[in-house]
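Heads up: the structure comes next, in structure tokens.
Just so it is clear: chains get the letters A, B, ... in the order the sequence lines come, proteins before strands, and each one is counted from 1.
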Amino acid sequence: MISIKNLHASIDGKEILKGINLEVKAGEVHAIMGPNGSGKSTLSSVLAGNEDYEITEGSVDFMGEDLLEYSTEERARMGVFLAFQYPIEIPGVSNMNFLRTAINETRESRGEEPIAAKDFLAMVKEKSALVELDNSLLKRYVNEGFSGGEKKRNEIFQMAMLEPKLAILDETDSGLDIDALKIVSHGVNTLKNQENATIVITHYQRLLDYIVPDFVHVLYKGKIVKSGTKELALELEEKGYDWIKEEVNA
Amino acid sequence: MSSTLTTNKVEGFVSHIAENNLAVWNELKSIRQSGLKAIKSLKFPTTRDEYWKYSRTTKITKNHYHFSQLDSIKGDLSKVKIEGLDTYEIVMVNGFFNAELSSLPKNDIIEIKSFEECTTEELTSYFSQNLDTITNFFSALNTAYFSEGIMIVAKGVCDKPVHVIHYSEGNNVISQPRNLFITEKNAELSIIKSSINQNTENFFYNSVNEFFIGENSHMNYYVIQNYEEGMNVISTNVATQEKNSNFSAYNYTLKGDWIRNNTNIFVKGENCESNLYGAYQPKGKQHIDNHTIMDHIMPNCESNEHYKGTVDDKATGVFNGKVFVRKDAQKINAFQSNNNILLSDDATMNSKPELEIYADDVKCSHGSTSGQLDEEAVFYLQSRGLSKESATALLIGAFLGEVVEKIKLPELKDKVLEMYGME
């Protein structure tokens, strides 16, 4: 589904990603772990099309298209979804209005008619139940005054509404208590199928108890330095990142 | 030498306007003469005058104007109609009342009459009460040469809002409407002011509205400014509040080449509430200036002021809000805020919030912010599939929407939201 080759990216002249290689196939869940500052969030921002970053080398193929050639909104319409580590609060814009606009612009780009109000409401009802998101929150402004857990559940709710091909979850577990973590994971797992793929970016192994990955990668100093299966995550949890750093620096 | 020159310029400007035969009868003579007297001692304002620091009036004063009474109009008045809202309508064409196009009430609650029908007492007790004709050239000009005027008196709770539609058409035409709005004791009245212009070039619209909000009465004044090209606008609104009254002035500017709004409220009784809300969004080379004065003369009152604007391209926005709390005006809550978003590198915003407090037991705040659109929020919306344009429009709508939401008439609120491109 997505094939990242030798991806280099920098911000303000400082190189953060120094040659990422990653291949994710439909139906797979990949976890990307790594210590702070290793480039995890940069990778997700770059894939989503954040223009603050400059791509200096490498390529990203997404379902046969050169992803880097497309704008943020075009990538979203092609099926790339980023669940933000820190979802943005947007006072004055209601969740519902925002989502309807997002869905309709995506449909329009595919030459489809706008969604009927009745269908939209039915979809909202179904998908919000999935992450146990209170309907009163949906009528409120985007993320404004939401708790940390509510913001993350709202991210997964948006993901459910937009039905992406590739979902990138950036530290979705940060700031979540165990109950919220279970709800969010349940949402992600329910949305998973053989046609889509998920990249889970996380600092801790805990989330991977609930969203079980097929592959685990360790990102360090802007490169993937180790790959394995879910057992690698357990090893990291037990031993920390120091042994990886030593291996790399040796 | 230079002073003579300036005076000659004023004389030249005024003599063209004076050529027209405007209505003058005994009651109006002394009023017009007071304006004329003031003009003679005044020069055109310049940017050296603090009150006109950010708004150059030479583009108005360099031209000569004439009044123009039209038998028929080219424009379509229906586009300012508010869907679903039944209103009385007063139509003024180039500053002259047009009875044919108007739809006036036929009841005892609301009285609408021309100045000709007013008594001397009525005119003198309301005219120019708090209007600065001494230093403000344009207010003096309107007082000397207002084209025509209407007095609207609400004697009780009015069943429908009064929609005043100002239509402008012509080249080098001056329009100087003058209206008086009065709510008597316990009355309630909402006024909507809309404007339409067609085939205008170097049109100078210089209106003065005076509002008298009687004891325990409520008045809401909504102004929608949506001008096509060719209009220079100075709109002066002066309100005087008696005790226990409530006055709210709303000003929504969609577009206009050059607009200066002066909205001043004088609170002369206790337990009053005053609200001032406004939104503006100059684009291109437009110039939109809002000056307000909120003057608390008596104690135990509250005022809220909130103006918001987005400035794009090479446009200029000006906000100057002055709040006075006089010596005897204790226990005043006065809040003022002005927020701006600059959408381009060439846009200019001049914001000057001012507070002068002479009482010692008051709660006042004022503040001004000017910033850029939240890039992170734009990216967030784009990452969900919204184009940059719709993301920006949604955020601007949310920003300006806060002051549009203050409109108390739902049908009008929907119309203004729609005009700003919000849902």
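- Neither the backbone nor the side chain of B:Glu402 comes within contact range of chain A; no heavy atoms are under 4.5 Å apart.
- When the shell of 6.0 Å around CD of A:Glu108 is examined, it contains 12 or fewer heavy atoms from other residues, nucleotides or ligands.
- For the pair B:Arg384 and A:Ala102, the tightest heavy-atom approach, listed with the atom from each and the gap, is O-CB, 3.2 Å.
- In terms of heavy atoms, B:Leu386 sits closest to A:Phe98 at CD1-O, 4.0 Å.
- Surrounding CD of A:Glu23 are more than 12 heavy atoms belonging to other residues, nucleotides or ligands, all under 6.0 Å away.
- Counting all heavy atoms, side chain and backbone alike, A:Ala76 lies closest to B:Ser383 at CB-O, 3.3 Å.
- Other residues, nucleotides and ligands place no more than 12 heavy atoms under 6.0 Å from the OH atom of A:Tyr86.
- The candidate from B:Ser390, B:Gly397, B:Gly401 with the greatest count of non-hydrogen atom pairs under 4.5 Å with chain A is B:Ser390.
- For the residue pair B:Ala398 and A:Val93, the shortest heavy atom distance occurs at CB-CG2, 3.5 Å.
- Open room surrounds CG on B:Asp345; 12 or fewer heavy atoms of other groups in view lie less than 6.0 Å from it.
- Surrounding CG of A:Asp12 are at most 12 heavy atoms belonging to other residues, nucleotides or ligands under 6.0 Å away.
- Residue A:Pro164: no heavy atom, backbone or side chain, is found under 4.5 Å from chain B.
- More than 12 heavy atoms of other residues, nucleotides or ligands shown are found within 6.0 angstrom of CZ on B:Phe335.
- Heavy-atom neighbours of A:Glu112 CD from other residues, nucleotides or ligands within 6.0 Å: above the threshold of 12.
- Counting heavy-atom pairs under 4.5 Å between each of A:Val80, A:Leu162, A:Thr106, A:Ile88 and chain B puts A:Ile88 at the top.
- Partner of B:Gln382 under the side chain to side chain contact (heavy atoms under 4.5 Å, CB included) criterion, out of A:Arg75, A:Glu73, A:Glu74: A:Glu73 alone.
- The number of heavy atoms from other shown groups lying within 6.0 Å of NZ (B:Lys314) does not exceed 12.
- Across all their heavy atoms, B:Phe379 and A:Ser45 have their closest contact at CZ-O, 4.3 Å.
- No side-chain heavy atom of B:Asp374 sits under 4.5 Å from any side-chain heavy atom of A:Ile90.
- A:Val142 has its side chain within reach of B:Tyr380: a pair of non-hydrogen atoms, C-beta onward, lies under 4.5 Å apart.
- Here CD of B:Glu376 is found 8.5 Å from CG of A:Asn50. Values are rounded to the nearest 0.5 Å.
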